[in-house]
Amino acid sequence: MKYGRKRVLVTGGAGFLGSHLCDRLVAEGNDVLCVDNFYTGTKDNIAHLMGNPYFELIRHDVTFPLYLEVDEIFNLACPASPVHYQRDPVQTTKTSVHGAINMLGLAKRVKAKIFQASTSEVYGDPEVHPQTEDYRGSVNPIGPRACYDEGKRCAETLFFDYWRQHALQIRVARIFNTYGPRMHPDDGRVVSNFIVQALEGRDITLYGDGSQTRSFCFVDDLIEGFLRLMAAPDELTGPVNLGNPHEITVRQLAETVIAMIGSKSTLVTRPLPADDPLQRQPNIDQARAKLGWEPSVPLEQGLERTIAYFRARLS
Ligand code: NAD
Ligand code: UDP
């Protein structure tokens with residue numbers, strides 16, 4: 001048993017999910033080190049934590065080695081929006097793969113427990129629906145999404161090899177579409193795009209015919225899942241799906257957002273991006289049974305809080 005505060009490293013800590021995770025970890029009395037290169041994250045997301053003596057910010061790119069003394073690592077560094085991860089695809093793969101090697105090396109040296117933010121994208125455009133953790137996926141290895149999908153798949157491989165070869169304590173979460181306050185207005189993901197477009201009265205850009213599905217999880221629910229997985233017994237390495245199984249079409253999401261905002265925006269269609277998965281819904285039986293976790297925030301409630309955030313930001 002260690003005495004005092006746990007020292008917890010969060011890579012990608014200035015991003016959307018990372019900043020919420022830092023909030024929770026600081027609130028629970030940990031000594032938090034946030035590492036970020038600000039590729040998609042911003043200081044605004046963590047500005048409110050900066051005066052806290054138990055929060056420290058380090059500007060660093062995880063593709064380079066890092067030497068610190070910590071007890072736990074949450075490895076979140078990686079752009080998550082298709083628009084951003086495809087902008088510099090080589091850097092995206094490097095962030096996932098070299099980043100994982102560097103963080104796993106650090107974990108091994110200091111005997112830290114390490115968590116990987118993996119993704120539903122490891123399932124690619126899935127033929128199994130809903131997706132269970134034993135499904136091996138259908139990823140196009142040479143398409144525009146591969147830098148992210150294959151990078152994350154390789155990171156999972158590295159985590160399990162370090163676990164087998166070096167007996168590292170690992171936790172791998174496969175995160176499904178998550179939304180909430182602190183998404184960047186120009187993030188490019190569907191929830192932020194639709195809300196910002198509707199608030200500004202601009203056209204709502206529906207890619208394809210909008211019949212593709214996603215299942216959206218509110219950020220607070222997801223972060224609770226992260227903490228439960230990290231605190232679970234060591235046998236529970238994962239991968240564990242974390243997401244909200246409530247599945248809707250992208251068109252339904254657009255209509256909901258327009259109705260909630262009372263916007264005059266209209267739907268316009270744009271070509272469906274290559275390899276865009278047609279359906280996605282997590283099977284969360286494992287998380288329910290082993291972590292006692294399931295999302296509690298319904299879509300409309302989460303959207304209300306996200307709309308309020310963007311309204312304040314844009315005004
Ligand atoms: P985000 O883009 O808001 O955050 C990513 C953070 O990582 C940013 O702060 C960015 O500056 C930082 N970063 C990127 N490359 C880096 C590097 N080389 N070195 C240091 N920092 C770097 O995205 P997010 O939604 O908060 O996603 C966080 C993690 O969760 C990512 O690993 C993502 O793949 C994973 N994930 C998110 C979702 C989701 O729906 N939000 C779904 C699946 C997986
Ligand atoms: N999408 C859309 N309009 C937008 C942005 C996204 O119709 O302005 C669609 C996109 O084609 C995909 C879904 O919404 O089918 C989710 O996209 P996002 O980029 O949020 O995440 P993904 O799940 O594809 O990684």
Side-chain angles (χ1 to χ4, degrees), residues 10-22 34-43 45-46 58-64 66 74-86 88 91-96 98-100 102-103 115-122 125 145 148-149 151-152 155 173-180 182-184 187-197 202-217 219 222-223 226 241-244 248-251 253-254 267-280 282:
V10 180
T11 76
F16 161 50
L17 296 181
S19 62
H20 286 276
L21 178 60
C22 287
C34 166
V35 161
D36 208 294
N37 70 348
F38 302 112
Y39 184 61
T40 50
T42 69
K43 284 188 184 167
N45 285 341
I46 43 160
I58 303 164
R59 183 191 288 261
H60 176 80
D61 182 329
V62 295
T63 62
F64 297 98
L66 180 65
F74 285 87
N75 187 37
L76 272 63
C78 187
S81 155
V83 176
H84 293 301
Y85 69 63
Q86 290 173 29
D88 185 350
Q91 176 65 15
T92 298
T93 303
K94 278 189 190 168
T95 293
S96 276
H98 293 200
N102 288 329
M103 292 310 114
F115 172 107
Q116 168 66 358
S118 192
T119 167
S120 53
E121 286 285 325
V122 301
D125 190 3
R145 295 175 86 102
Y148 183 75
D149 300 9
K152 290 282 188 179
R174 289 186 180 151
I175 305 162
F176 285 64
N177 297 66
T178 301
Y179 69 98
R182 298 194 198 143
M183 293 185 92
H184 198 280
D187 179 85
R189 281 178 279 189
V190 69
V191 174
S192 43
N193 268 12
F194 286 178
I195 292 177
V196 171
Q197 290 164 344
R202 291 190 281 122
D203 290 343
I204 305 276
T205 52
L206 205 58
Y207 299 165
D209 63 4
S211 63
Q212 69 273 32
T213 68
R214 294 292 187 273
S215 308
F216 297 99
C217 183
V219 59
L222 185 81
I223 300 302
F226 281 15
N241 287 342
L242 293 179
N244 192 322
I248 59 166
T249 66
V250 168
R251 181 179 287 274
L253 175 72
L267 300 182
V268 295
T269 55
R270 297 274 181 271
L272 190 67
D275 296 334
D276 198 289
L278 290 181
Q279 53 179 3
R280 182 180 289 156

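Order of listing sets the numbers, starting from 1, for every ligand and every atom in it.
Residue contact check for ligand 1: K94 places no non-hydrogen atom closer than 4.0 Å to it. Using a non-hydrogen distance threshold of 4.0 Å, D36 registers as a contact of ligand 1. The shell of residues lying under 4.0 angstrom from ligand 2, judged by heavy atoms, includes R280. Heavy-atom distances between M183 and ligand 1 stay at or above 4.0 Å for every pair. Between S81 and ligand 2 there is no heavy-atom distance shorter than 4.0 Å. Distances from ligand 1 to the non-hydrogen atoms of A14 include at least one value under 4.0 Å.
Backbone and side-chain nitrogen or oxygen atoms of T95 are examined, and one is located within less than 3.5 angstrom of a nitrogen or oxygen of ligand 1. The distance criterion of under 3.5 Å between nitrogen or oxygen atoms is not met by V35 with respect to ligand 1. Between D61 and ligand 1, at least one N/O pair is under 3.5 Å apart. Remark: ligand 1 and L76 share an N or O pair separated by less than 3.5 Å (distance only, no angle test). Considering backbone and side-chain N/O of Y148, one or more are found under 3.5 Å from N/O of ligand 1. When only interatomic distances are considered, the shortest N/O to N/O separation between T178 and ligand 1 falls below 3.5 Å. Distances between N or O atoms of P273 and those of ligand 2 include no value under 3.5 Å. The shortest N/O to N/O separation between S120 and ligand 1 does not fall below 3.5 Å. The N/O atoms of A77, backbone and side chain alike, include none that comes under 3.5 Å of an N/O atom in ligand 1. For ligand 1, none of its N or O atoms has an N or O atom of S118 under 3.5 Å away.
Between the side chains of S120 and R174, not a single donor N or O lies within less than 3.5 Å of an accepting N or O. Remark: the N244 side chain and the S215 side chain contain no N/O donor-acceptor pair separated by less than 3.5 Å. Inspection of the T205 and Q197 side chains reveals an N or O donor paired with an N or O acceptor under 3.5 Å. Donor-acceptor pairing under 3.5 Å is recorded for the side chains of R280 and N177.
Regarding atom 1 (P) of ligand 1, its nearest protein heavy-atom neighbour is T40 OG1, 3.7 Å. Atom 16 (C) of ligand 1 has N37 OD1, 3.2 Å as its closest protein atom, hydrogens excluded (heavy atom only). The shortest contact between atom 27 (O) of ligand 1 and any protein heavy atom is with A80 CB, 3.6 Å. Closest to atom 41 (N) of ligand 1, if we only count protein heavy atoms, is R189 NH1, 2.9 Å. Ranking the protein heavy atoms by distance from atom 20 (C) of ligand 1 puts H60 O, 3.3 Å first. Scanning the protein for heavy atoms near atom 14 (C) of ligand 1, the closest one is C78 N, 3.6 Å. Atom 3 (O) of ligand 1 has F16 N, 2.9 Å as its closest protein atom, hydrogens excluded (heavy atom only). In this structure, the protein non-hydrogen atom closest to atom 18 (P) of ligand 2 is V190 N, 3.8 Å. The protein heavy-atom contact nearest to atom 4 (O) of ligand 1 is G15 CA, 3.5 Å. Distance from atom 3 (N) of ligand 2 to its nearest protein heavy atom, with residue and atom name: T205 O, 2.6 Å.
Of all atoms in ligand 2, numbered sequentially from 1 with element shown, those under 4.0 Å from a heavy atom of E121 are 25 (O). Listed by number with element, the atoms of ligand 2 under 4.0 angstrom from any heavy atom of R189 are 19 (O), 20 (O). Within the listing of ligand 2, atoms 4 (C), 5 (C), 8 (O) sit less than 4.0 angstrom from a heavy atom of N193. Atoms of ligand 1 lying under 4.0 Å from any heavy atom of F38, numbered from 1 in the order shown and given with element: 11 (O). For ligand 1, the atoms closer than 4.0 angstrom to any heavy atom of N177 are 40 (O). With ligand atoms numbered from 1 in the order given, ligand 1 contributes 6 (C), 7 (O), 9 (O), 12 (C) to contacts under 4.0 Å with heavy atoms of G12. Interface atoms of ligand 2 facing L206, defined by a heavy-atom separation under 4.0 Å, are 7 (O). The atoms of ligand 2 that sit less than 4.0 Å from any heavy atom of N177 are 21 (O), 22 (P), 23 (O). Listed by atom number, the atoms of ligand 1 under 4.0 Å from G41 heavy atoms are 8 (C), 9 (O), 10 (C), 11 (O). For ligand 1, the atoms sitting less than 4.0 Å from at least one non-hydrogen atom of K152 are 31 (C), 32 (O), 33 (C), 34 (O), numbered in the order shown with element in parentheses.
Of all non-hydrogen atoms in V219 and G180, the two that sit nearest each other are CG1-CA, 4.2 Å.
The OH atom of Y179 lies 9.0 Å from the CZ atom of F16; values are rounded to the nearest 0.5 Å.
Look at K152 and E121 and you find no salt bridge, because none of the NZ, NE, NH1 or NH2 atoms lies under 4.0 Å from a carboxylate O. Salt-bridge formation is not detected for the pair R145/D125: no Lys NZ or Arg NE/NH1/NH2 atom is positioned less than 4.0 Å from an Asp or Glu carboxylate oxygen.
Using modelled atom types, one side-chain atom of R251 and one backbone atom of D209 make a donor-acceptor pair closer than 3.5 Å. One N or O on the side chain of N102 and one on the backbone of T63 form a donor-acceptor pair closer than 3.5 Å. Of the possible donor and acceptor atoms, one in the side chain of H60 sits under 3.5 Å from a partner among the backbone N and O of F64. Panel note: side chain D187, backbone M183; no donor-acceptor pair is recorded below 3.5 Å. In this structure a side-chain-to-backbone donor-acceptor pair under 3.5 Å is missing from D203 to L267. Formation of a donor-acceptor pair under 3.5 Å by the T92 side chain with backbone atoms of D88 is found in this model.
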Yes or no on side-chain contact (heavy atoms from CB on, under 4.5 Å) for K43 and F38, after CA distance, side-chain angles and deciding distance?
-> CA-CA 8 Å; K43 284 188 184 167; F38 302 112; 3.7 Å; yes
Begin with the C-alpha distance, continue with both residues' side-chain angles, and end with the deciding distance and a verdict on side-chain contact (heavy atoms from CB on, under 4.5 Å) for L206 and F194.
-> CA-CA 9 Å; L206 205 58; F194 286 178; 4.1 Å; yes
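Only the side chain of D276 comes within 4.0 Å of ligand 2, judged by heavy-atom distances. Contacts between V250 and ligand 2 below 4.0 angstrom, taking non-hydrogen atoms only, involve the side chain exclusively. Counting heavy atoms closer than 4.0 Å to ligand 2, residue R214 contributes side-chain atoms (C-beta onward) but none from N, CA, C or O. Of the heavy atoms in R145, only side-chain atoms (C-beta onward) come closer than 4.0 Å to ligand 2. Contacts with ligand 2 closer than 4.0 Å are made by no heavy atom of Q197, backbone or side chain.
For atom 19 (O) of ligand 2, the nearest non-hydrogen atom from the set S120, A254, G210, P82 belongs to P82. Distances from atom 30 (O) of ligand 1 to the heavy atoms of L17, T119, D88, N45 show the closest one on L17. Taking all heavy atoms of Y207, F176, Y179 into account, the minimum distance to atom 5 (C) of ligand 2 is reached by Y207.
Between P277 and R214 there is a side-chain heavy-atom pair separated by less than 4.5 Å.
Relative orientation of the F226 and F115 rings is tilted, given thresholds of 30° and 60° on the angle between their planes.
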